[in-house]
Amino acid sequence: MNLNLPFSVKTYRQRRDRLMKELSKNEQSFTAFFWSGSEIVRNYDSHFPFRANSDFLYLTGCSEPDTLILLQKIGNKTRTSIGVRPRDLSHERGSEIWEGERLGVERAPKALGFDEAFDIHKVQTIAEKYMSQAPTLFWGFGEYPEWDQKIVAMISKVHHNNRGIAIVKNIRDPRPALHEIRKVKTSEEVAIMRRSAEVAARGHIRAMRTTKAGQFEYQIAAEVEREFKKGGSEFPAYGSIVATGNNACTLHYRANNTKVKDGEIILIDAGAEYQGYASDITRCYPISGKFSPPQKEVYNWVLKSQIAAIKAVKPGVDFFKPHIAAVKVLCEGLSKMKIIKQSPKVILKKGLWKNFMPHGTSHWLGLDVHDRGVYKRVENPSESVKLMPGNVLTIEPGLYFRKDDKRVPAAYRGIGIRIEDDVLVTKKSYDVLSESCPKTVEDIEAACGPKL
Ligand code: GLY
Ligand code: MN
């Protein structure tokens with residue numbers, strides 16, 4: 001069976017060891033559970049394509065549903081176990097003959113580097129045994145309500161079997177420690193993320209090359225996603241946003257069902273998932289291939305703000321420093337375009353820019369498109385975290401002027417612009433992983449023609 005793991009089994013084992021080491025800083029003896037997730041019904045008996053939980057994927061590389069891992073540390077001794085679906089070669093529905101080959105209990109330990117494996121149907125017995133051996137249980141509540149209930153029931157059973165005396169004394173969340181680890185990418189991960197961004201850039205370029213008036217947004221999405229698949233990405237990292245004209249003012253526009261017209265700008269926010277890792281790129285281009293003067297003006301202010309934000313990326317600075325750099329330029333633009341008839345200083349001070357950019361400039365990027373990890377210090381929420389080498393974040397300022405917004409001069413109404421790149425924090429500064437995607441007005445107009 002070809003598992004196609006992006007990294008070696010040794011790397012995954014090292015990740016689990018590293019996590020257990022982190023968790024043991026505060027807890028001598030513990031058990032930690034991580035769940036893969038299950039398939040989700042789309043309608044009747046059709047399912048959405050399965051994608052394992054990113055924490056689980058980070059720790060195992062395994063992309064099978066209904067899988068649980070148990071990591072245990074008692075003093076200096078560790079034990080790892082994985083509960084998987086058993087092999088089933090019968091003709092029954094749900095068997096491998098219907099649904100595809102499974103790893104199974106026998107093969108799982110060696111294939112994934114675990115000490116032992118068990119049939120997931122026996123999880124209760126195994127999990128209760130692990131629980132009864134350590135006073136601390138790490139489990140992340142709130143993501144899988146069905147499992148939250150199972151875990152509580154298991155704890156209750158373990159205590160009942162112990163004549164009502166608590167064995168599991170602490171329940172703690174393993175995610176903050178794991179997400180701190182995930183936030184710093186290794187050079188191997190960066191290579192994959194660079195590839196993910198390159199593949200995504202090709203999708204955006206193909207859309208520029210092929211878009212013609214009269215197409216539906218979803219047909220343009222198909223051109224983008226065709227390049228993702230061609231480049232080795234099985235899925236988009238999130239639902240592609242293809243938003244023409246005023247639709248671009250809906251930040252997470254998903255309908256993708258409007259016909260595009262000459263004279264409009266189209267905003268595409270689409271990223272590939274390559275070997276589990278997301279890219280997240282936004283570009284805007286004119287359907288006709290040429291920006292109108294007001295479109296160009298808005299575009300260039302957003303671009304200037306985006307470049308200022310990228311230049312602010314370096315190790316040791318506050319996470320929000322690029323955001324502040326972006327906002328300052330946007331305030332200048334809003335004042336110069338007379339969208340807000342105030343000085344840039346007043347626009348900044350009163351936060352008036354938020355009317356036209358109602359989102360942040362950055363988020364972490366990795367296995368999740370909005371990758372896990374905090375932005376404010378847990379111990380002091382008024383202080384933001386600092387950028388570190390190996391962090392990957394997006395830089396994505398925008399300006400959105402809705403067509404019905406009477407505060408905005410008519411020439412700018414119905415224009416929504418966002419420009420987004422994926423940026424790695426390096427030892428001294430930054431590296432734009434998505435730099436192969438055209439971004440200046442000249443480069444975009446050149447990429448828009450001649451049509452394929
Ligand atoms: N790509 C969508 C977002 O960053 O929210
Ligand atoms: Mn984004």
Side-chain angles (χ1 to χ4, degrees), residues 51 54 179 182-183 185 192-194 196-205 207 217-218 220-221 224-225 227-228 233 235-244 247-256 265-274 276-285 302-303 305-310 312-313 319-323 325-327 330 354 356-375 385 387 391-400 416-425 430-437 439:
R51 162 59 157 76
S54 295
H179 297 161
R182 272 178 56 185
K183 220 165 81 181
K185 274 71 182 173
I192 289 178
M193 291 191 71
R194 195 183 299 281
S196 181
E198 278 165 11
V199 168
R202 283 192 223 154
H204 283 266
I205 293 167
E217 292 161 334
Y218 61 80
I220 299 167
V224 177
E225 291 169 17
E227 285 301 318
F228 291 0
S233 147
F235 307 104
Y238 52 93
S240 302
I241 298 167
V242 180
T244 195
N247 293 343
C249 299
T250 302
L251 302 177
H252 282 172
Y253 175 75
R254 271 192 294 263
N256 291 5
I265 295 275
I266 187 163
L267 177 154
I268 300 185
D269 180 340
E273 181 170 296
Y274 185 77
Y277 288 80
S279 44
D280 183 4
I281 300 180
T282 307
R283 289 293 186 266
C284 302
Y285 58 93
V302 176
L303 182 60
S305 124
Q306 203 241 9
I307 291 169
I310 291 176
V313 172
F319 175 82
F320 292 100
K321 187 147 186 242
H323 174 65
V327 165
L330 293 181
K354 288 180 193 159
F356 305 108
M357 178 165 121
H359 61 78
T361 299
S362 301
H363 55 80
W364 303 123
L365 186 69
L367 286 167
D368 290 307
V369 63
H370 298 159
D371 211 31
R372 308 298 295 263
V374 293
Y375 301 106
V385 298
L387 297 181
N391 291 163
V392 180
L393 67 158
T394 64
I395 299 284
E396 49 176 313
L399 284 176
Y400 310 89
I417 304 287
R418 177 164 68 254
I419 306 174
E420 176 175 28
D421 279 306
D422 303 343
V423 180
L424 167 73
V425 184
Y430 64 85
D431 184 356
V432 182
L433 302 179
S434 48
E435 69 177 358
S436 59
C437 202
K439 192 160 74 169

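One is the number of the first residue; the rest follow in order along the sequence. Read the numbers this way: they start at 1 and go in the same order the structure lists the ligands and their atoms.
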Of all N/O/S atoms in Glu420, the name of the one nearest the Mn ion (ligand 2): OE2

Check ion pair Asp269-Arg254 (N to O, under 4.0 angstrom): no

The single option from Val423, Asp422, Thr282, Thr394 passing side chain to side chain contact (heavy atoms under 4.5 Å, CB included) against Ser434: Asp422

Member of Phe319, Tyr375, Phe320 meeting the side chain to side chain contact (heavy atoms under 4.5 Å, CB included) criterion with Ser362: Phe319

Contact flag His363/the Mn ion (ligand 2), N/O/S atoms, threshold under 2.8 Å: yes

Distance, nearest 0.5 Å, that separates CG of Leu267 from CG of Leu251: 9.5 Å

Distance, nearest 0.5 Å, that separates CZ of Arg182 from CG of Leu367: 5.0 Å

Identified side chain to side chain contact (heavy atoms under 4.5 Å, CB included) counterpart of His363 within the set Ile395, Asp371, Leu393, Val369: Val369

Ligand-side contact atoms (ligand 1) for residue partner His363, heavy atom cut-off under 4.0 Å: 4 (O)

Which of the ligand 1 atoms, numbered from 1, are nearer than 4.0 Å to a heavy atom of His252: 2 (C), 3 (C), 5 (O)

Ligand-side contact atoms (ligand 1) for residue partner Glu396, heavy atom cut-off under 4.0 Å: 4 (O)

Among the N, O or S atoms of Asp280, the one nearest the Mn ion (ligand 2): OD2

Heavy atom of the protein closest to atom 2 (C) of ligand 1 (residue, atom name, distance): Asp269 OD2, 3.4 Å

His370 and His252 aromatic ring geometry - parallel, tilted or perpendicular at 30°/60° bounds: parallel

Nearest-neighbour protein heavy atom for atom 3 (C) of ligand 1, which is reported as residue plus atom name and distance: His370 NE2, 3.1 Å

Whether Glu396 has an N, O or S atom under 2.8 Å from the Mn ion (ligand 2): yes

